[in-house]
Amino acid sequence: MKGDAAEIQALYEQQGYMTAIPILSPEELQQARDAFAELERKHGEDYTAYSLHNIHKEYDWVMALAKHPNLLEVVTAALGPDVILLDSRFICKYPVCNKPAKTQESNGIIQPNNTCNKEKDGIEKTDGMPFVAWHQDMKYWGFDGGPVLSVWLALDDSLEDNGALQVIP
């Protein structure tokens, strides 16, 4: 981890966030991706998109991510040594296709559908991207005070093409 605890804390207090902090080694990242792919196979994308809540209690590999020494180094530098894990959740933004609904009840409203048609070249064509609306985590969670922070540990690259996370300092 680059920087000492005072620098990390100052940056966090100034901006309200930190980004691009290396936590997992390439091997650890691949292991996490493989383990998550197994959850997708087991539960399906409709479930894994947002319903994998507090599974650190069930899967040791998820708890290991939450307690990773590199992660705890940054969290304790920002908040101090007394930290607790309140929640863990996978939020997956799978590709979404907007297709006209075929049911009479839909009144012709465009409905999101996670199954995209593939063109001849095999590339998925999507009309929309899933998103999480702008929010402040503490207010979103119902907290009135802090110190509180959320950790986003991305298992995939965060790029403009796949709906990168954006923050406001």
Side-chain angles (χ1 to χ4, degrees), residues 1-40 43 45-96 112 114 124 126-169:
M1 176 74 236
K2 290 185 176 182
D4 65 9
E7 290 173 355
I8 292 169
Q9 186 177 40
L11 180 62
Y12 184 68
E13 288 178 4
Q14 176 190 13
Q15 296 183 153
Y17 73 95
M18 292 176 283
T19 185
I21 299 170
I23 300 297
L24 302 176
S25 70
E27 295 80 19
E28 291 168 323
L29 178 58
Q30 189 58 55
Q31 289 169 355
R33 285 177 174 167
D34 293 344
F36 185 79
E38 182 57 36
L39 288 178
E40 285 178 318
H43 297 289
E45 287 183 1
D46 286 342
Y47 187 82
T48 59
Y50 197 71
S51 298
L52 294 174
H53 181 66
N54 281 328
I55 63 167
H56 67 277
K57 297 175 183 179
E58 184 177 348
Y59 295 97
D60 291 340
W61 69 270
V62 179
M63 180 59 91
L65 291 174
K67 296 186 336 182
H68 195 285
N70 293 343
L71 179 64
L72 291 179
E73 180 182 350
V74 176
V75 169
T76 57
L79 296 182
D82 296 322
V83 297
I84 60 171
L85 173 63
L86 295 175
D87 181 67
S88 67
R89 181 178 300 269
F90 284 93
I91 300 174
C92 303
K93 297 187 318 177
Y94 294 111
V96 172
N114 280 347
E124 292 180 344
T126 62
D127 298 319
M129 292 288 289
F131 68 94
V132 176
W134 287 104
H135 64 276
Q136 291 181 325
D137 283 348
M138 284 181 38
K139 293 295 181 188
Y140 186 74
W141 297 331
F143 288 113
D144 289 328
V148 175
L149 64 75
S150 63
V151 173
W152 176 44
L153 186 61
L155 299 185
D156 294 315
D157 291 334
S158 178
L159 307 169
E160 186 174 344
D161 289 348
N162 66 5
L165 177 70
Q166 298 177 14
V167 296
I168 299 173

Name the atoms and distances for all side-chain donor-acceptor pairs under 3.5 Å in residues 77-88, with sequence neighbours left out.
unit_1 : atom_1 : unit_2 : atom_2 : d
Asp87  : OD1    : His53  : ND1    : 3.1
Asp87  : OD1    : His53  : NE2    : 3.2
Ser88  : OG     : His56  : ND1    : 2.7

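Take Glu40 and apply the salt bridge (Lys or Arg N to Asp or Glu O under 4.0 Å) test, not counting sequence neighbours, and it matches no residue. Contacts of Glu28 classified as side-chain contact (heavy atoms from CB on, under 4.5 Å), with partners at least two apart in sequence or in another chain: Leu24, Ser25, His68. Judged as a ring-ring contact (aromatic ring centres under 6.0 Å, His included), and not counting sequence neighbours, Tyr50 has no contacts. Partners of Tyr12 under the ring-ring contact (aromatic ring centres under 6.0 Å, His included) rule, at least two apart in sequence or in another chain, do not exist in this structure.
Separating the OH atom in Tyr59 from the CG atom in Leu65 is a distance of 14.0 Å, to the nearest 0.5 Å. Separating the CG atom in Leu71 from the OG1 atom in Thr76 is a distance of 9.0 Å, to the nearest 0.5 Å. With rounding to the nearest 0.5 Å, the separation of CG in Leu149 from OH in Tyr17 is 15.0 Å. Atoms OG1 and CD, from Thr48 and Glu38 in turn, are 12.0 Å apart once rounded to the nearest 0.5 Å. Rounded to the nearest 0.5 angstrom, Phe90 CZ and Leu39 CG are separated by 6.5 Å. Asp60 CG to Met63 CE: the interatomic distance, rounded to the nearest 0.5 Å, is 8.5 Å.
Of all heavy-atom pairs between Met18 and Gln15, the closest is CA-NE2, 4.4 Å. What you find for Cys92 and Phe36 is that their closest heavy atoms are SG-CZ, 3.2 Å. Leu29 approaches Ala154 most closely through the heavy-atom pair CD1-O, 4.1 Å. In terms of heavy-atom proximity, Arg33 sits nearest to Asp156 at NH2-CA, 3.9 Å.
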Using the side chain to side chain contact (heavy atoms under 4.5 Å, CB included) rule, take Thr19 and Val167 through it: C-alpha gap first, then chi angles, then the decisive distance, then the call. CA-CA 10 Å; Thr19 185; Val167 296; over 6 Å; no

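Here side-chain hydrogen bond (donor to acceptor under 3.5 Å, both in side chains) pairs that include residues 142-155, with residues two or more places apart or in two chains, are Asp137-Ser150.
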